[in-house]
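Some notes on the structure that comes next.
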Amino acid sequence: VVTRDDVEESLKAVFQFVKDKEQLLQDLRSQIEETKKIISEKQRERDYWLEYKNVGSKIHAEKISSLEKDIAEVKYELERTEEYYREALKVVREENQKLFDRHMKLLSEEALKNAVGYLDKHCRREIEENEWLKGELKIYQKAHSDLEASVKLLEEENTSLVAKLIDIKLQHLRV
């Protein structure tokens, strides 16, 4: 005999079973939705990377090669600029050295003039004569080197003439 309480219990159990199954079904649906979202997200990511593989990687490869060319050009320009500035620095240093040497020469001449100014007339005359003698010495040295060159030429000419004379005498002796 089934009583009303037994039926109610049985219905409650069935109702609870259906409710649990609906809850399970709802949980499965939400898990399916989550999985679909993840799959959709992964699909978009896959599509992005496929597009990148097919199109974007080529664009980036072109950009990379372009940037590498730019880097090479910049390095070349840097080397040229560095060489230019190195040469400019060298020229400026040489010019500064020339200016410094000229300035030191002028200062030493000025110091010499000042020192001569403090000397008596006899010492000044000796210095002036010394300068004059230095000039004369240069003139005589030039004349001496010119005369040596002339003597050398004359000696060579005389040697060649004597050689010709000996050759002519030898030919006459043979005859």
Side-chain angles (χ1 to χ4, degrees), residues 1-119 123-124 127-128 130-135 137-139 141-142 144-146 148-149 152:
V1 176
V2 177
T3 65
R4 184 177 181 169
D5 291 332
D6 291 337
V7 171
E8 281 183 9
E9 290 254 342
S10 174
L11 279 175
K12 281 184 184 180
V14 168
F15 182 71
Q16 187 63 37
F17 178 76
V18 169
K19 192 175 181 183
D20 289 343
K21 290 295 180 181
E22 282 182 358
Q23 183 64 37
L24 182 63
L25 184 61
Q26 191 176 7
D27 290 343
L28 287 174
R29 281 184 184 149
S30 67
Q31 285 180 354
I32 289 172
E33 288 297 319
E34 286 294 320
T35 307
K36 282 183 180 179
K37 286 180 184 177
I38 292 171
I39 289 172
S40 172
E41 190 177 306
K42 294 296 180 183
Q43 184 67 35
R44 281 192 302 257
E45 189 176 332
R46 183 180 147 265
D47 291 343
Y48 170 79
W49 288 113
L50 280 175
E51 183 179 338
Y52 176 77
K53 177 185 169 191
N54 295 331
V55 178
S57 63
K58 293 176 184 175
I59 293 170
H60 287 145
E62 290 172 3
K63 285 182 180 178
I64 289 170
S65 66
S66 173
L67 289 172
E68 287 173 346
K69 287 178 185 176
D70 290 346
I71 288 170
E73 288 176 14
V74 167
K75 282 183 180 178
Y76 175 72
E77 289 297 322
L78 176 66
E79 289 171 1
R80 282 187 46 211
T81 305
E82 184 179 356
E83 184 64 29
Y84 169 77
Y85 283 119
R86 187 178 297 121
E87 290 298 320
L89 179 63
K90 183 180 175 184
V91 168
V92 167
R93 282 184 177 161
E94 288 174 358
E95 184 65 28
N96 283 345
Q97 187 63 39
K98 286 178 187 176
L99 288 172
F100 178 75
D101 291 343
R102 189 171 61 208
H103 184 66
M104 289 304 291
K105 184 179 177 184
L106 289 173
L107 283 176
S108 64
E109 288 174 1
E110 187 67 30
L112 181 64
K113 286 179 184 177
N114 287 341
V116 169
Y118 291 114
L119 296 176
C123 290
R124 278 190 225 162
I127 291 172
E128 289 171 0
N130 189 16
E131 291 296 323
W132 177 78
L133 287 173
K134 284 181 184 177
L137 179 65
K138 286 181 183 177
I139 293 169
Q141 284 175 341
K142 185 177 181 330
H144 180 262
S145 64
D146 291 345
E148 278 184 342
K152 187 175 180 181

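Fair warning: this is a prediction, and the values are worked out from it, not measured in the lab. Index from 1, following the sequence.
- For the pair Lys105/Asp101, no side-chain contact is recorded, criterion being any heavy-atom separation below 4.5 Å from C-beta on.
- More than 12 heavy atoms of other residues, nucleotides or ligands shown are found within 6.0 angstrom of CD on Glu87.
- Considering NE2 of His103 and OG of Ser108, their distance stands at 10.5 Å, rounded to 0.5 Å.
- Side chains of Gln43 and Asp47: a donor on one and an acceptor on the other come within 3.5 Å.
- Ring orientation note: the planes of Tyr48 and Tyr52 are close to parallel, at an angle under 30° on the 30°/60° scale.
- Of the possible donor and acceptor atoms, one in the side chain of Thr35 sits under 3.5 Å from a partner among the backbone N and O of Gln31.
- Contact check for Val14 versus Val18: side-chain heavy atoms found under the 4.5 Å cut-off.
- How far CH2 of Trp132 is from CG of Leu137: 11.0 Å, rounded to the nearest 0.5 Å.
- The distance from the CD atom of Glu62 to the NE2 atom of His60 is 10.5 Å, given to the nearest 0.5 Å.
- A salt bridge between Arg4 and Glu8 is present, with a side-chain N of the basic residue lying under 4.0 Å from a carboxylate O of the acidic one.
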| message | Walk me through whether Lys138 and Lys134 qualify under side-chain contact (heavy atoms from CB on, under 4.5 Å). | response | CA-CA 6 Å; Lys138 286 181 183 177; Lys134 284 181 184 177; 5.6 Å; no
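- Under a 4.0 Å N-O distance rule, the pair Glu77/Arg80 qualifies as a salt bridge.
- If you take CD on Glu83 and OG1 on Thr81, they are separated by 10.5 Å, rounding to the nearest 0.5 Å.
- Using modelled atom types and a 3.5 Å distance limit, the side chains of Thr3 and Asp6 yield a donor-acceptor pair.
- In this structure, Arg86 places its CZ atom where more than 12 heavy-atom neighbours from other residues, nucleotides or ligands lie under 6.0 Å away.
- A distance of 12.5 Å separates CG in Asp70 from NZ in Lys75, rounded to the nearest 0.5 Å.
- Leu25 CG to Ser30 OG: the interatomic distance, rounded to the nearest 0.5 Å, is 10.0 Å.
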| task | May I have the step-by-step check of side-chain contact (heavy atoms from CB on, under 4.5 Å) for Asn96 and Val92, ending in yes or no? | result | CA-CA 6 Å; Asn96 283 345; Val92 167; 3.7 Å; yes
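- Each of Lys98, Arg102, Met104 was compared with Phe100 under the side chain to side chain contact (heavy atoms under 4.5 Å, CB included) criterion, and only Met104 meets it.
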